[in-house]
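Down below is the structure, laid out as structure tokens.
Convention: sequence-line order gives letters A, B, ...; per-chain numbering from 1. All values reported here derive from a predicted model rather than from experimental measurement.
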Amino acid sequence: MSRFNPLKADAAWQKVWEENRTFAARDDSPKPKSFVLEMFPYPSGRIHMGHVRNYTMGDVLARFRRMQGMEVLHPMGWDAFGMPAENAAMEKKVHPGNWTRANIATMKAQLKRLGFALDWTRELATCEPDYYGHEQAIFLDFFENGLVYRKESAVNWDPVDMTVLANEQVIDGRGWRSGALVERRKLSQWFFRITQFAEDLLEGVQALEHWPDKVKLMQENWIGKSEGLQFDWTLSDGEILPVYTTRPDTIFGASFIAVAADHPIARKLAASDDNVRAFVELCKQGGTTAAELETQEKLGFDTGLTATHPFDSAWQVPVYIANFVLMDYGTGAVFGVPAHDQRDFEFATKYQLPVRRVVSEGDKTEPEFRDAEAYTGPGTLVNSHFLDGMDVADAKRTVIRRAEEGGWGKGQTVWRLRDWGVSRQRYWGTPIPIIHCERCGVVPAPRESLPIALPEDVSFDIPGNPLDRHPTWKHVDCPKCGAPARRETDTLDTFVDSSWYFIRFASQPADRPFDKAVAEQWLPVGQYIGGVEHAILHLLYARFFTRALRHIGKLDVTEPFAGLFTQGMVTHASYYQMEEHDGLERKAYFEPSQISRRGDGTAFLTETGEDVIVGRIEKMSKSKKNTVDPTEIVDQYGADATRWFMLSDSPPERDLEWSESGIEGAWRFVNRLWRLFENLSEAEAGTGRDVDLDKRLHRTIAGVAEDVESLAFNKSVAKLYELVGAIEKAQPSASRTDAIRTLARIVAPMVPHIAEEAWAAMGNPGLIADAEWPAVDPALLVDDEVTIAVQVNGKLRDTLLMPKGAAKDVVEAAALASDKIVRSLEGKQPRKVIVVPDRLVNIVA
RNA sequence: GCGGGUGUGGCGGAAUGGUAGACGCAGCGGACUCAAAAUCCGCCGUUGGCAACAACAUGUCGGUUCGAGUCCGACCACCCGUACCA
């Protein structure tokens with residue numbers, strides 16, 4: 001008997017699949033269509049275990065759906081634009097394109113090595129003109145339909161690197177790379193009008209049945225709908241100040257007004273008053289990190305202005321400038337009701353402003369507010385003139401109605417969601433197809449000039465955008481008037497690239513982004529699988545794209561992803577020693593391959609014997625050096641064992657801890673399978689039926705199908721272990737032979753190489769990848785005998801083997817006759833006997 | 001702070017309100033072997049007991065129920081998201 005040779009089998013079957021184009025999806029197939037998609041990778045260099053887990057899950061589902069008779073689209077591509085390529089260009093002096101394409105080649109080979117059932121004929125890379133050219137066409141479509149616009153917007157500007165930084169790249173107010181103090185700069189930038197679809201995006205996400213609640217909630221919060229009143233206050237200098245509130249009911253609890261430091265009123269005052277200017281400057285200081293905001297003191301500056309209460313012209317409230325008011329939400333001005341808003345309460349306490357109760361809390365109705373915290377709960381309006389006695393909702397409606405009648409305010413919905421700024425001052429991205437002409441202004445690039453390709457001859461020696469300083473690229477004649485003009489040198493946010501790649505996978509004509517009819521055959525994606533880190537931005541942007549495309553009549557799909565699954569991370573312990581660096585303590589990490597563990601859990605460097613600290617179990621990352629290269633594992637154990645381990649043990653939505661013993665267990669299982677398959681082809685088939693084994697087989701077929709359908713791979717793995725154990729123990733019989741032959745098909749989606757090997761060895765024609773999922777005989781799913789638990793006062797005392805469907809009184813009699821039960825009752829009379837048919841008997845005594 | 005999730009043996013985890021701990025990993029004992037690897041058989045929550053068995057046990061405390069890991073209420077711990085959103 002030989003051991004399974006994965007190296008040989010993997011390569012052989014991967015070649016067969018490739019030559020037969022087994023996994024190429026046919027647009028014209030008469031079969032029902034299924035689109036299985038995993039989030040495409042960024043080509044960072046090599047694949048990591050997270051990729052392997054993600055793509056294995058999708059692969060099992062894709063192969064399973066094929067076996068169920070569906071035409072499956074399971075494509076792969078590369079999210080190939082982005083910063084790391086430019087960083088590599090700066091550090092290693094390689095062109096971003098060469099670096100990226102070399103990484104793609106490496107990673108593609110690594111993915112192929114795992115035997116994924118991918119349709120490589122549809123492979124795409126977003127950094128190639130035959131992809132981003134079509135993206136430019138979509139940009140022009142959006143532009144023509146008013147979904148794209150340009151506006152001045154503040155950005156984080158790194159004056160040394162001469163580039164715009166994302167918020168995540170600003171650390172303690174300094175650029176992450178240069179360390180220079182970041183400036184807020186106004187730049188003219190391109191925006192997608194995502195807020196136009198805010199309501200629809202919110203309603204749509206709520207209707208997605210096959211999305212995790214967690215992700216739906218995150219999207220809802222991000223869109224952030226709130227309903228309230230925008231209304232005017234007249235200031236003592238005669239200006240009108242619009243204020244937005246979600247609590248118009250508390251209008252009679254108003255204590256002060258606060259405006260943002262960059263509010264026009266504050267700016268106007270700052271121009272003539274040094275004290276105001278000093279305070280405004282103070283507000284701009286301080287970081288924007290979570291920790292700092294939390295501890296930051298609420299600061300206010302009394303402008304000396306007052307505002308007239310809209311319901312009482314004699315009532316004046318002071319107007320402050322405050323550091324906690326945001327200019328870009330609502331109107332940049334709030335009115336403070338300290339009794340019923342915690343933040344207002346803190347502010348009022350600090351500046352000794354009145355705190356007046358206007359909503360009752362239990363039996364507390366008096367206007368004097370003495371509690372240590374604001375009351376934000378429900379109640380009846382008190383001390384509020386005509387609102388007294390109403391509940392909060394009624395009072396809100398009443399105030400909004402009065403404001404609208406009086407012409408000084410109106411009910412308004414405000415969204416947290418902002419329009420999507422897509423301009424990036426970078427080289428390695430999709431050029432924005434726009435030309436700036438001094439005479440004609442902003443002119444879209446002519447369609448026939450697409451794709452507008454990136455120039456290859458660029459340098460990264462000096463900071464700034466290489467496109468902007470390229471000697472010729474940006475100089476172009478205006479398409480309208482022919483005068484010398486300038487190309488837009490900003491490129492698109494890489495999230496734009498990933499907002500429509502799934503459409504391009506479904507249909508990829510050469511002359512346009514996609515064919516409407518063909519794309520609609522496949523879309524929406526039936527099952528989308530990826531990391532939860534994309535729960536908000538990527539998924540929201542993709543949902544915006546399909547809506548925008550539908551809006552302009554290009555594609556009749558609303559939701560891009562009907563089913564979503566967010567898988568957990570692959571984790572591993574990290575190992576480090578503390579070392580001193582420039583007087584600072586820091587961790588120096590070691591790779592797991594350098595480490596040996598002792599029985600007590602401590603660890604040391606294998607080579608030197610030095611102790612190392614065993615750190616947290618956390619996501620595999622290069623910076624923590626706690627990565628395990630999938631390729632080394634595949635080379636050692638084969639693709640099937642690696643895949644099997646990825647599916648075992650941990651529920652897919654939870655983190656999976658990598659372990660050496662885990663992969664060895666998977667390898668053992670692959671060999672157990674192999675022994676069954678190989679002995680079958682050598683030994684003569686048994687005769688006679690083994691009904692228990694038949695039943696177990698059919699239960700497993702049904703159970704595994706159900707588990708795979710719901711992506712509960714750890715459960716299907718457990719069921720397969722049980723079946724294999726039962727087959728191993730069973731005496732030879734026709735049933736056992738059937739079971740082994742069928743087993744190959746049940747495991748095929750998970751361990752496809754050994755399954756093909758077995759399928760061929762058993763003399764079957766064709767490929768197991770094309771075989772049908774085994775049929776379940778429903779008659780074998782029911783048992784004729786059941787084990788019934790017998791409890792006394794809810795505690796298990798005995799079990800009975802009874803025919804299925806036995807009458808209640810028969811079961812009860814059998815239970816009461818049991819020796820163990822008689823003993824447990826200790827002579828007490830049963831007061832009550834509960835019989836659950838085919839399950840249990842509970843005797844209450 | 002707010003929102004969400006998780007909490008079960010040494011570990012990963014199973015369990016439509018109905019026999020808690022399936023399955024895997026690790027460990028222990030045995031078989032085979034000159035020996036090892038591989039493989040096979042057995043044991044494996046805690047405590048007491050030779051055993052039969054009993055008691056305890058699903059983060060904590062309470063509740064609903066004939067019966068709770070599962071439902072309800074309060075709390076604790078950890079993880080994730082978010083950031084002064086008026």
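Between rU16(B) and rA68(B), the distance separating the two C1' atoms is 15 Å to the nearest Å. The same atom, C1', is picked in rG24(B) and in rA14(B); the two are 11 Å apart, to the nearest Å. Across rC75(B) and rG1(B), the matching P atoms stand 12 Å from one another, rounded to whole Å. When the C1' atom is compared between rG48(B) and rA22(B), the two are found 28 Å apart, to the nearest whole Å. Comparing the same atom, P, in rC25(B) and in rA74(B) gives a spacing of 42 Å after rounding to whole Å. Remark: the separation of the C1' atoms in rG73(B) and rA57(B) is 23 Å, to the nearest Å. Nucleotides rG7(B) and rG17(B) place their P atoms 16 Å apart, quoted to the nearest Å.
Position along RNA chain B of the nearest nucleotide to Ser661(A) versus Asn793(A) favours Ser661(A) as the more 5'-ward residue. Of the residues near RNA chain B, Glu722(A) and Arg416(A), the one whose nearest nucleotide (by heavy atom distance) lies more toward the 5' end is Glu722(A).
Across all strands, Val836(A) comes closer than 4.0 Å to base atoms (heavy-atom distances). Counting any heavy atom pair closer than 4.0 Å across all strands shown, Leu840(A) reaches a base atom. Heavy atoms of Val337(A) sit nowhere under 4.0 angstrom from any nucleic acid atom. Counting any heavy atom pair closer than 4.0 Å across all strands shown, Thr787(A) reaches a base atom. Residue contacts shown for Lys820(A) are limited to sugar-phosphate atoms, with no base heavy atom under 4.0 Å away.
rA54(B) atom C1' lies 16 Å from atom CG of Asp798(A), rounded to whole Å. Rounded to an integer number of Å, the gap from CG of Asp341(A) to P of rA86(B) is 9 Å. Atom CD in Glu728(A) sits roughly 6 Å away from atom P in rC40(B) (whole-Å rounding). Atom-to-atom, NE2 of His534(A) to C1' of rU82(B) comes out at 17 Å; the value is rounded to the nearest Å. Going from atom CG of Asp649(A) over to atom P of rA22(B) covers 14 Å, rounded to whole Å. If you measure from atom CE of Met218(A) to atom C1' of rC79(B), you get 13 Å, rounded to the nearest angstrom. To the nearest angstrom, P of rC85(B) lies 9 Å from OH of Tyr329(A). For the pair Ile223(A) CD1 and rC85(B) P, the computed distance is 19 Å after rounding to whole Å.
Ring pair His309(A)/Phe252(A) is parallel by interplanar angle, where below 30° counts as parallel and above 60° as perpendicular. His538(A) and Phe495(A) have parallel rings, their planes meeting at less than 30° on a 0 to 90° scale where 60° marks the start of perpendicular.
Here the straight-line distance linking atom CD1 of Ile740(A) with atom CG of Leu697(A) works out to 10.5 Å at 0.5 Å rounding. Residue Arg668(A) holds its CZ atom at 10.0 Å from OH of Tyr637(A), rounded to the nearest 0.5 Å.
On a pure distance criterion of 3.5 Å, no polar donor-acceptor pair joins the side chain of Arg672(A) and the base of rU39(B).
Which of rC53(B), rG67(B), rA26(B) sits closest to the side chain of Arg668(A) comes down to rA26(B). The side chain of Asn221(A) has rG3(B) as its nearest neighbour among rG18(B), rG3(B), rC85(B). Distance from the side chain of Asn714(A) is smallest to rA14(B) among rA14(B), rG18(B), rU19(B). When each of rA86(B), rG4(B), rC56(B) is scored by its nearest atom to the side-chain atoms of Tyr244(A), the top-ranked nucleotide is rA86(B). Closest to the side chain of Asn323(A), from the set rU19(B), rC84(B), rA86(B), is rC84(B). Comparing rU19(B), rG24(B), rC85(B) by their closest approach to the side chain of Thr799(A) singles out rU19(B).
One finds no side-chain N or O of Arg839(A) lying less than 4.0 angstrom from the OP1 or OP2 phosphate oxygen of rU16(B).
Here Lys225(A) pairs with Glu199(A) in a salt bridge; the nearest charged N to carboxylate O distance falls below 4.0 Å.
In this structure, rG48(B) is classed as anti because its glycosidic torsion departs from zero by more than 90°.
For Tyr320(A) and Phe347(A), the gap between ring centers is short of 6.0 Å.
Using modelled atom types, no side-chain atom of Tyr244(A) and backbone atom of Leu229(A) make a donor-acceptor pair closer than 3.5 Å.
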